[in-house]
There are 2 protein chains.
Amino acid sequence: MVNTVTDTSTEGKILSAAREVFLQKGFSGARMQDIADEAGINKALLHYYFRSKEKLFETIFRQAFEKLIPHITEVFSSDLPFYDKIRAFTNAYITMAIENPFIPLFVLNAMHTDTEGFQKKFGDIPKKVPIILVKTEIKKAVDSGLIRPIEPPELIMNMLSLCLFPFIARPMFQMVMNISDPQFKKILEQRKSEVADFIIHSIKN
Amino acid sequence: MVNTVTDTSTEGKILSAAREVFLQKGFSGARMQDIADEAGINKALLHYYFRSKEKLFETIFRQAFEKLIPHITEVFSSDLPFYDKIRAFTNAYITMAIENPFIPLFVLNAMHTDTEGFQKKFGDIPKKVPIILVKTEIKKAVDSGLIRPIEPPELIMNMLSLCLFPFIARPMFQMVMNISDPQFKKILEQRKSEVADFIIHSIKN
DNA sequence: GTCTATAGTTAGATAGAC
DNA sequence: GTCTATCTAACTATAGAC
């Protein structure tokens with residue numbers, strides 16, 4: 001797989017620029033001219049490579065979603081202790097989001113604006129998420145008495161909320177709580193372990 | 001204050017329709033024609049009432065943001081026990097979001113697409129949030145030994161994440177975890193108390 | 001592969017009748 | 001206050017030269 005950040009080919013520059021502009025403006029707000037400018041190339045070249053704005057968006061979206069579905073499989077089918085799986089899970093999500101801060105809002109917005117069309121175009125992707133694996137591991141931890149009784153979907157929702165929401169709400173947090181960019185980056189870095197601590201404190205028996 | 005749901009005046013119908021369309025499509029994606037259709041009136045009438053698309057958006061946005069900043073003041077300046085304040089806080093946010101499911105994504109998107117212009121237009125609103133009050137109460141709870149040591153900003157971020165993220169990620173959750181609309185509504189209803197339980201479990205000493 | 005120039009379409013805004 | 005008709009600007013997409 002091609003590195004989505006370092007790629008300096010024209011196609012790579014377009015994708016990188018499009019990610020940036022789609023993030024800032026959303027699908028409708030993004031202008032092909034903006035993307036061309038950001039990529040340092042001509043507008044017509046965008047159509048040469050990706051035929052239409054929609055096709056370009058689809059390409060980016062697919063890449064984004066495939067990144068959002070992370071190491072779950074490998075972590076949860078490993079023989080790590082349960083708490084280590086929690087730590088690996090949250091760490092993987094937060095690390096991914098720090099490297100690609102645009103992805104969470106990007107994916108979530110795309111789903112809101114195009115829930116129907118989404119199912120048709122990208123319905124294959126979610127099936128790759130081994131949700132059952134995660135559910136099973138949580139259930140085992142409850143049954144063995146390692147953690148307090150909790151519904152697996154609730155715990156999964158809470159884990160994802162704690163990992164991803166700060167990236168979506170970042171501008172509001174910084175404004176309301178008056179936090180500078182470097183300060184916020186530090187906070188996000190700390191959350192790699194803090195979030196797991198917070199969760200484990202809550203569920204341990 | 002006028003009820004934002006029941007209002008059947010033309011202005012009320014426009015605002016209600018605009019909320020719906022802006023939620024579904026975002027600012028750029030929303031068409032004045034869509035809003036007019038949804039309101040059952042003519043496109044020109046939108047401009048008669050709100051002069052421009054931007055003015056209409058601003059009106060809605062301000063209402064939305066003022067709803068998102070809730071009962072914090074009254075709850076946190078009350079003499080309720082700390083855990084009850086946590087329960088009141090999370091319950092208020094989740095209840096608000098159940099009644100206005102479009103608000104969280106709406107507000108967060110607006111901040112992402114227009115962080116600069118936002119500061120200028122709506123910078124007055126966040127100052128109304130008594131964040132210091134909440135921070136102080138958390139600090140008191142830590143110092144008294146009622147809860148384990150935790151940074152107030154971290155706890156605030158976690159509370160808001162757990163309350164609001166499910167509304168933003170709803171379409172993805174339902175798709176990935178294969179949950180029907182009525183099922184998800186039930187889950188959200190349960191979270192009114194579950195979220196507080198999850199938090200209190202995590203911070204209690 | 002990459003560019004300039006332009007065609008074709010859409011949508012925000014306004015004029016003017018009722 | 002509300003409507004129909006229309007102007008105008010912006011933007012996607014393509015044609016065609018290099």
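Sequence lines set the chain letters: A, B, ... in the order given, protein chains first and strands last, and positions in each chain run from 1.
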Exercise. Indicate whether OP1 or OP2 belonging to C:dT2 is found under 4.0 Å from a side-chain N or O atom of A:T10.
Key: yes

Quiz item: Can a side chain N or O of A:R31 be found less than 4.0 Å away from OP1 or OP2 on D:dT12?
Solution: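 Checking A:R31 against D:dT12: at least one side-chain N or O falls below 4.0 Å of OP1 or OP2.
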
Quiz item: With a distance cut-off below 6.0 Å to the six-membered ring centre and an angular limit of 45° from the axis, does B:K140 pair with B:F82 as a cation-pi contact?
Solution: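 No.
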
Take atom [atom1] of [X] and atom [atom2] of [N], then tell me their distance rounded to the nearest Å.
{"X": "B:D37", "N": "D:dC3", "atom1": "CG", "atom2": "C1'", "value": "14 Å"}
{"X": "A:E11", "N": "C:dT2", "atom1": "CD", "atom2": "C1'", "value": "15 Å"}
{"X": "B:N42", "N": "C:dT14", "atom1": "CG", "atom2": "C1'", "value": "12 Å"}
{"X": "A:M32", "N": "D:dA13", "atom1": "CE", "atom2": "P", "value": "6 Å"}

Exercise. Quick one: label B:A36 by what it contacts on the DNA or RNA (base, sugar-phosphate, nothing), any heavy atom closer than 4.0 Å.
Key: nothing

Quiz item: Between B:Q174 and B:D181, is any side-chain donor less than 3.5 angstrom from a side-chain acceptor?
Solution: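 Short answer, yes.
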
Quiz prompt | Short N-O contact, A:D37 and A:K43, less than 4.0 angstrom | solution = no

Quiz item: To the side chain of A:I41, which of D:dT12, D:dC3, C:dC3 is closest?
Solution: C:dC3

Self-check item: Partner residues of B:D84 under the side chain to side chain donor-acceptor pair (under 3.5 Å) criterion, sequence neighbours left out
Solution: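 Here no residue qualifies.
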
Quiz item: For residues 106-136 of chain B, which residue pairs qualify under ring pair (Phe, Tyr, Trp, His ring centres under 6.0 Å), counting only residues two or more places apart or in two chains?
Solution: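 Residue pairs passing ring pair (Phe, Tyr, Trp, His ring centres under 6.0 Å), neighbours aside: B:F57-B:F106, B:F61-B:F118, B:F61-B:F122, B:F65-B:F118, B:F102-B:F106, B:F118-B:F122.
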
Quiz item: Which residues in residues 43-55 of chain B have at least one heavy atom lying under 4.0 Å from any atom of DNA chain C?
Solution: B:K43, B:A44, B:H47, B:S52, B:K53

Quiz prompt | Ring geometry between A:F165 and A:F173 (parallel below 30°, tilted from 30 to 60°, perpendicular above 60°) | solution =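 It falls in the perpendicular class, over 60°.
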
